[in-house]
Amino acid sequence: MDASNGGSNGGSNDKAKKQSFPVLLLEWYAQGKRELPWRKTGDPYAIWVSEVMLQQTQVKTVIPYYERFLQRFPSVEQLGKATLDEVLTEWRGLGYYSRARRMWEGANYLLDQRGGEMPKDYDILLQVPGIGKYTAGAIASIAFGQRVPAVDGNVLRVVSRILAWSEPVETVRSYRHFSTHLAMWQPALQPGDFNQALMELGAMVCTPSKPMCESCPLSQLCEAYSQDDVLFYPVKKPKAKRQIVTRLTFVLRRGDKLYLQKRPPQGLLADLWEFPGVELSQDNLLKDSLPKVEAGELFNHFQKAVSERGFDGWVKEQFEKSVTLHGPVWYTFSHRHWKIIWVIVDLLEPLVLVEKLKPRECLDQIDQIGHIKQEGLEKNVLKEASEQYQADSKAVHRHEKHGDWILLQDLGRIALPVAFSAIIEDLTKI
DNA sequence: AATGCGGGGAA
DNA sequence: TTCCCAGCATT
């Protein structure tokens with residue numbers, strides 16, 4: 001680091017900063033802060049909700065979710081007693097769904113271990129699922145007036161500029177360096193306001209691009225500003241490139257219902273609903289778009305998806321030789337690109353019988369519909385059909401925990417990630 | 001220390 | 001396109 005602080009303004013040495021930094025910052029905050037929903041409350045639970053939602057997410061996006069969520073789950077108890085599915089549905093579209101799951105786990109942790117009370121100490125807050133250093137600091141300082149830091153992306157940017165810190169900000173070393181300075185600057189009187197003011201400054205003035213240094217209350221203390229090099233900071237480590245994954249998606253349709261299933265409890269979009277599908281790391285078979293794929297690798301995937309779920313024999317004949325491919329549409333996550341293509345598979349109504357009826361009845365029904373001719377119905381045929389029913393039935397049973405038939409217009413009531421919006425959009429047009 | 005985990009807005 | 005945003009948990 002530099003030792004001189006530039007010398008152009010003698011007031012910027014550490015001691016002077018300690019004196020003037022919090023005063024200047026808090027004066028600015030007092031007159032310029034935004035009226036945000038979570039700034040009207042002292043309820044630690046509500047502040048918890050806001051802090052979790054605000055992780056990696058902008059204020060404007062969060063506001064409507066925050067209002068709805070608190071209305072639906074007004075307290076730790078209400079949140080903990082809800083099902084995970086209900087919580088995820090409320091979270092739908094907000095992203096980073098593990099936040100919702102952990103907050104739900106956290107609520108249950110508090111109910112089980114701590115009488116449903118929000119802890120007020122930083123160290124205890126850290127024990128709660130989903131609460132890390134930042135959130136613990138934010139809750140402890142904002143809701144309980146404790147003098148602890150809350151270092152988020154905004155704070156990293158602001159402080160890295162004030163100190164003209166030329167190392168990557170993500171390191172432990174940088175975190176310690178910033179914490180030391182913040183501990184020095186943070187006043188005992190309004191520690192929560194100090195933290196919020198720092199973040200507010202980062203959001204409104206000390207922005208990533210086009211920072212408004214002319215109207216910044218701290219510009220006279222800012223080392224980067226005095227060096228006229230504000231945009232150089234914060235220094236960040238390069239990020240990994242996103243991989244492209246092709247996702248072949250199966251829209252299984254039965255009348256006006258669609259087959260949706262639960263995703264596994266870990267990994268991407270955990271516990272959310274989805275159309276069945278497979279990921280292809282490489283897709284030789286698809287140029288960039290378009291229909292009518294003949295029997296081949298793609299078709300095999302499609303066949304497998306149908307039979308895995310016990311839907312063999314219920315597929316309309318038109319799909320037995322070729323399928324129409326829809327898409328692609330692109331969807332981008334933080335760490336991967338999905339190239340989504342999909343096929344729409346219509347299943348015959350008799351499937352209902354496989355699920356609901358006994359083999360004998362099933363066959364009767366099938367017979368009536370005319371798929372098995374009366375004269376050909378000999379004993380071995382009956383046996384074969386019965387076995388097929390058993391197999392299908394097992395497969396259906398295996399999947400019914402994870403899958404469900406849902407009306408198109410009811411998709412809004414389940415936690416279906418935004419990634420599938422384009423498919424829904426397409427289905428409503430057809 | 002690196003990686004996985006969403007989604008929307010802005011440049 | 002890329003980057004950014006009131007991060008956390010796992011490895």
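Predicted model only: the values in this text are computed from it and were never measured. Residue numbering restarts at 1 for every chain, and letters A, B, ... go by the order of the sequence lines.
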Which of the following nucleotides, [options], is nearest to the side chain of [X]?
{"X": "Phe333(A)", "options": "dA6(C), dG7(B), dA1(B)", "result": "dG7(B)"}
{"X": "His335(A)", "options": "dA9(C), dC5(B), dA6(C)", "result": "dC5(B)"}
{"X": "Lys237(A)", "options": "dA6(C), dA1(B), dC5(C)", "result": "dA1(B)"}
{"X": "Thr61(A)", "options": "dG6(B), dG8(B), dC5(C)", "result": "dG8(B)"}
{"X": "Ser209(A)", "options": "dA6(C), dA11(B), dG7(B)", "result": "dA11(B)"}
{"X": "Arg102(A)", "options": "dC8(C), dG7(B), dC4(C)", "result": "dC8(C)"}
{"X": "Glu200(A)", "options": "dG6(B), dA6(C), dC3(C)", "result": "dA6(C)"}
{"X": "Val172(A)", "options": "dC5(C), dC8(C), dA1(B)", "result": "dA1(B)"}

Select base, sugar-phosphate, or nothing to describe what [X] touches, counting heavy atoms under 4.0 Å on all strands.
{"X": "Lys239(A)", "answer": "sugar-phosphate"}
{"X": "Trp338(A)", "answer": "nothing"}
{"X": "Tyr331(A)", "answer": "sugar-phosphate"}
{"X": "Arg173(A)", "answer": "nothing"}
{"X": "Gly267(A)", "answer": "sugar-phosphate"}
{"X": "Ala270(A)", "answer": "nothing"}
{"X": "Ser50(A)", "answer": "nothing"}
{"X": "Ser334(A)", "answer": "base"}
{"X": "Leu94(A)", "answer": "base"}

[N] [atom2] sits how many Å from [X] [atom1], rounded?
{"X": "Asn154(A)", "N": "dG7(C)", "atom1": "CG", "atom2": "P", "result": "7 Å"}
{"X": "Gln56(A)", "N": "dC5(C)", "atom1": "CD", "atom2": "P", "result": "8 Å"}
{"X": "Trp48(A)", "N": "dC8(C)", "atom1": "CH2", "atom2": "C1'", "result": "13 Å"}
{"X": "Arg157(A)", "N": "dC5(C)", "atom1": "CZ", "atom2": "C1'", "result": "8 Å"}
{"X": "Arg161(A)", "N": "dC4(C)", "atom1": "CZ", "atom2": "C1'", "result": "12 Å"}
{"X": "Trp91(A)", "N": "dG8(B)", "atom1": "CH2", "atom2": "C1'", "result": "15 Å"}
{"X": "Arg101(A)", "N": "dG6(B)", "atom1": "CZ", "atom2": "C1'", "result": "14 Å"}
{"X": "Leu54(A)", "N": "dG8(B)", "atom1": "CG", "atom2": "P", "result": "16 Å"}

Mark yes or no for a side-chain to base donor-acceptor pair under 3.5 Å between Tyr134(A) and dG7(C), with no hydrogen or angle criteria applied. no

Is any side-chain N or O of Thr57(A) under 3.5 Å from a base N or O of dG6(B), one able to act as donor and the other as acceptor? yes

Can you see if the side chain of [X] gets near the phosphate of [N] - specifically, an N or O under 4.0 Å from OP1 or OP2?
{"X": "Arg99(A)", "N": "dA9(C)", "value": "no"}
{"X": "Arg336(A)", "N": "dG4(B)", "value": "no"}
{"X": "Lys236(A)", "N": "dC5(C)", "value": "yes"}

Which residue, Lys133(A) or Gln58(A), contacts DNA chain C at a nucleotide closer to its 5' end, judged by nearest heavy atom? Gln58(A)

More 5' along DNA chain C: Val59(A) or Leu126(A), using each one's nearest nucleotide? Val59(A)

Of Leu268(A) and Glu170(A), the one whose closest DNA chain B nucleotide lies more 5': Glu170(A)

Main-chain N/O of [Y] paired with [X] side-chain donor or acceptor, under 3.5 Å:
{"X": "Arg161(A)", "Y": "Val230(A)", "answer": "yes"}
{"X": "Ser179(A)", "Y": "Tyr175(A)", "answer": "yes"}
{"X": "Arg157(A)", "Y": "Gly202(A)", "answer": "yes"}
{"X": "Gln186(A)", "Y": "Val148(A)", "answer": "yes"}

Separation between the P atoms of dT3(B) and dA6(C), rounded to whole Å: 24 Å

With P as the reference atom in both, quote the distance from dG8(B) to dC8(C) in angstrom, rounded to an integer. 22 Å

OG of Ser307(A) to CZ of Phe302(A), rounded to nearest 0.5 Å, is 10.5 Å

Could you check whether atom [atom1] of [X] has more than 12 heavy atoms from other residues, nucleotides or ligands sitting under 6.0 Å from it?
{"X": "Leu189(A)", "atom1": "CG", "value": "no"}
{"X": "Arg413(A)", "atom1": "CZ", "value": "no"}
{"X": "Asp228(A)", "atom1": "CG", "value": "no"}

